[in-house]
Amino acid sequence: MNKVLKSVLTATMVLGLAACSSGTSGSTATTSSGNDGVFRVAMEGESNYPDPAIASDSITGSVTQLTASTLYRLTSSGEMEPAAATGYDVSDDGLTYTFHLRDGMKWSDGSDLTAKDFEYGVKRSLGMSVADAGFNIYISGYLKNGTKYNEKNSVADMTDLGVKATDDTTLVFTLEQPCDYFPCLTSLGVFSPAKEGVYTEHEYTWADDVDAPVSGPYKLKSIDRSTEVVLEKNDYWYDADNVTTQEIDYKVITDTSAQLMAYQNGEVDFAKSLDTSVIKQYEGQDDLVMPGGVINYYVELNTDDGTTNKALQDKDIRKALSEGVNRKELCAALDAGDLYVPLYGFVPKGLPGSTEGSDFREEGGDLITEDVDDAKKIMESKGYTDDNPLELEYYYNDTTVHSTVAQVLQQQLAKIHVKVTLKTGEIRTFFDDRTAGNFQAARNAYSADYMDVSNYMNLWLYDKQSTKVAGDTHYDELVEQAEASTDHDERYKLLHEAEEYFIKDMNYNIPLFQYGSFYLLKKGITGIEFTPQGSADLTYVKLS
């Protein structure tokens, strides 16, 4: 049975595209300083090694998105379209997906790129340590026998894993259970090809080698991950004729003010990490780009048995913490117009619901109640007072937005007998600590890896967390039943039930608000695809 992959984003995005033309005082509209074939991008922090198997953060992912090809790709409209694949067939029982690849694909060194490279790439990704390759859960959790090999297993041992190249242009996946959105997963880097003998197993330092062949539209020209990553066009890429920019230079500029200055001085053409004051400063100018997004911002609570703050294991205290937050006040403090919108569930608006054109968040309604008086009563019933407050450490990387959120939370929670100590870390250190579970409460934000609500719900399955920070067998059962269901309506009913249990009944984390992205982009530059995930695909960027 042949299927054409339909749009998986049918609901209207909560934030629309904004593009204006009139100027305002306090900012200077800038233009590209001439087309020298180089697109200069401000990178907000140091990337990890640009190995697609381990690129689970947005910084590293922005590089590997250009150096690695995937079977399908997400477009700005929220639809999935063929990339290295030309299409796929799915069996009547929904367990077997057969992808048909483009003929004549090449690696950047001119050697043949075949379905066998995709098979090796998937197996290699799965065999990486979960701590290094968090996204390999999208292999282990879906492919037949995937759970057997998700921790430092060798490719040679994966003889019964559900992926096989049957010829140079045919790749067959066998799933543990039916999954309608499986093709969406193949847009992730862990499903990209790997060149055996170069992309070594259980190791990723090879990725800093500029001579290592890659499969994407760009290849490494030079790399110093702490300061600058330079990519140049890969003339062997399957759609190279439509790539017009010869070079993309990522310049590491961690400070938001420094990014703005670099943009205004013409040192970069594209600034991606900026203070929200830029929105008002550039309001009405062509430079300001504000695509919508499905990003949720929340407080992640470490409730595992090993947590250093045992109070977080009490669901009543977690409820009080959530009730004690005023989300509208928090968004107002961020002072960025409609960019930030209060969120009263974990899944943001913009994800498809149970019927065509419906929205999952609107179907589920608000799951969070804000009630400072009730929160105080709960805390006092647990023995906490102004003289004996609950001490809670809140961890974040220091940007204006994150600092503002932290300070507002500190002030709000003080009203319910919680003394919040603020802890900051450099972005890479913070990411590493959060991944390792070295926190009590920490800021987090999540945008869909694929446009299905399960993407958000699966985050909290106990066996899919690289570091265990939350665990509940009832929640796991609800989500797993939803994933196994072949009844569309029943699936969504269970997903709504799971979200309500996780957020309303158990308060395992504290959703705060939803937001999209905003950027400064030099006038005249076109071709960037801003996806609902909040990423910017630079493959087809065109300079003026």
Side-chain angles (χ1 to χ4, degrees), residues 296-327 330 342-348 361 364-386 388-395 409-410 412-421 434 437-444 446 456-465 467-482 494-513:
N296 65 354
Y297 192 111
Y298 59 97
V299 179
E300 184 170 346
L301 301 175
N302 190 341
T303 63
D304 188 63
D305 291 341
T307 183
T308 58
N309 194 327
K310 299 300 182 183
L312 295 178
Q313 294 180 323
D314 187 328
K315 70 175 183 177
D316 294 331
I317 287 178
R318 298 195 299 266
K319 177 183 180 182
L321 293 174
S322 184
E323 285 186 335
V325 176
N326 185 319
R327 289 157 182 80
L330 182 57
L343 182 60
Y344 300 97
F346 188 72
V347 178
R361 174 75 283 118
D366 294 344
L367 303 180
I368 294 168
T369 300
E370 296 174 352
D371 189 334
V372 172
D373 291 338
D374 187 59
K376 286 182 68 175
K377 289 178 181 178
I378 292 173
M379 296 303 293
E380 289 167 0
S381 73
K382 302 293 182 179
Y384 296 106
T385 64
D386 284 343
N388 179 41
L390 168 65
E391 296 193 7
L392 178 67
E393 183 180 82
Y394 180 73
Y395 192 16
L409 289 176
Q410 186 181 51
Q412 291 181 347
L413 295 180
K415 299 175 183 178
I416 63 166
H417 312 312
V418 180
K419 180 181 179 180
V420 177
T421 301
R434 193 177 63 192
N438 298 328
F439 68 92
Q440 295 179 15
R443 78 95 187 160
N444 209 335
Y446 188 78
Y456 295 85
M457 309 304 290
N458 287 344
L459 286 174
W460 308 111
L461 290 173
Y462 194 70
D463 63 358
K464 290 191 177 181
Q465 298 175 54
T467 300
K468 315 302 185 186
V469 297
D472 191 300
T473 54
H474 180 59
Y475 177 80
D476 287 358
E477 288 171 0
L478 289 171
V479 175
E480 288 165 357
Q481 287 172 24
L494 288 165
L495 289 172
H496 279 298
E497 188 178 340
E499 186 195 27
E500 182 172 348
Y501 177 77
F502 193 84
I503 294 298
K504 183 177 181 179
D505 298 342
M506 302 302 292
N507 295 277
Y508 280 118
N509 62 46
I510 307 173
L512 298 179
F513 53 82

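Note: hydrogens, waters and symmetry copies are ignored here, and every other heavy atom, side chains too, is used.
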Any chance you could measure [X], atom [atom1], to [Y], atom [atom2], to the nearest 0.5 Å?
{"X": "N507", "Y": "F502", "atom1": "CG", "atom2": "CZ", "answer": "10.0 Å"}
{"X": "K415", "Y": "D386", "atom1": "NZ", "atom2": "CG", "answer": "12.5 Å"}
{"X": "T369", "Y": "K504", "atom1": "OG1", "atom2": "NZ", "answer": "6.5 Å"}
{"X": "N444", "Y": "N509", "atom1": "CG", "atom2": "CG", "answer": "8.5 Å"}
{"X": "I510", "Y": "L301", "atom1": "CD1", "atom2": "CG", "answer": "4.5 Å"}
{"X": "I378", "Y": "K382", "atom1": "CD1", "atom2": "NZ", "answer": "8.5 Å"}

Verify, without hydrogens or angle tests, whether [X] (side chain) and [Y] (backbone) share a donor-acceptor contact under 3.5 angstrom.
{"X": "E497", "Y": "L478", "value": "no"}
{"X": "N302", "Y": "F439", "value": "yes"}
{"X": "R327", "Y": "Y344", "value": "no"}
{"X": "R443", "Y": "Y298", "value": "no"}
{"X": "N388", "Y": "H417", "value": "no"}

Are [X] and [Y] side-chain neighbours, meaning at least one heavy-atom pair lies under 4.5 Å?
{"X": "T421", "Y": "Y394", "result": "no"}
{"X": "W460", "Y": "Y475", "result": "yes"}
{"X": "Q440", "Y": "T308", "result": "yes"}
{"X": "L512", "Y": "L330", "result": "yes"}
{"X": "I416", "Y": "E323", "result": "no"}
{"X": "M506", "Y": "K315", "result": "yes"}
{"X": "I317", "Y": "L390", "result": "yes"}
{"X": "I368", "Y": "P511", "result": "yes"}

What are the two closest heavy atoms between [X] and [Y], and how far apart are they?
{"X": "G324", "Y": "Q412", "value": "O-CB, 3.8 Å"}
{"X": "L495", "Y": "M457", "value": "O-CE, 3.6 Å"}
{"X": "A320", "Y": "M379", "value": "CB-SD, 3.7 Å"}
{"X": "Y462", "Y": "G471", "value": "CD1-CA, 3.5 Å"}

Any salt bridge between R361 and E499, counting N to O under 4.0 Å?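 Yes, R361 and E499 are salt-bridged.
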
For side chain to side chain contact (heavy atoms under 4.5 Å, CB included), just list the numbers for V418 and Q410, CA-CA rounded to whole Å, side-chain angles, deciding distance to a tenth of an Å, and then say yes or no. CA-CA 8 Å; V418 180; Q410 186 181 51; over 6 Å; no

Going by atom types alone, do Y501 and D472 pair a side-chain donor with an acceptor below 3.5 Å?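 Looking only at side-chain atoms, D472 and Y501 do form a donor-acceptor pair, the distance falling under 3.5 Å.
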
Ring-plane angle category for Y456 and Y446, please: parallel below 30°, perpendicular beyond 60°, tilted otherwise.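 Perpendicular, since the angle between the ring planes exceeds 60°.
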
Report, as yes or no, whether the 6.0 Å neighbourhood of atom NZ on K377 holds more than 12 heavy atoms from other residues, nucleotides or ligands.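 Not more than 12 within 6.0 Å, no.
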
Heavy atoms of other groups near K419 NZ, more than 12 under 6.0 Å: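 Counting neighbours around NZ of K419, 12 or fewer heavy atoms of other residues, nucleotides or ligands fall under 6.0 Å, so no.
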
Given Q465, which partner from the list T467, L461, D463, V469 fulfils the side-chain contact (heavy atoms from CB on, under 4.5 Å) test?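 Only match with Q465 under side-chain contact (heavy atoms from CB on, under 4.5 Å): V469.
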
Is there a side chain to side chain contact (heavy atoms under 4.5 Å, CB included) between K319 and D374? Walk through the geometry before answering. CA-CA 10 Å; K319 177 183 180 182; D374 187 59; 4.1 Å; yes

Might you work through the side chain to side chain contact (heavy atoms under 4.5 Å, CB included) test for Y508 and T303, ending with a clear yes or no? CA-CA 8 Å; Y508 280 118; T303 63; 4.0 Å; yes

Check against side chain to side chain contact (heavy atoms under 4.5 Å, CB included), L459 and F346: CA-CA 11 Å; L459 286 174; F346 188 72; 4.0 Å; yes

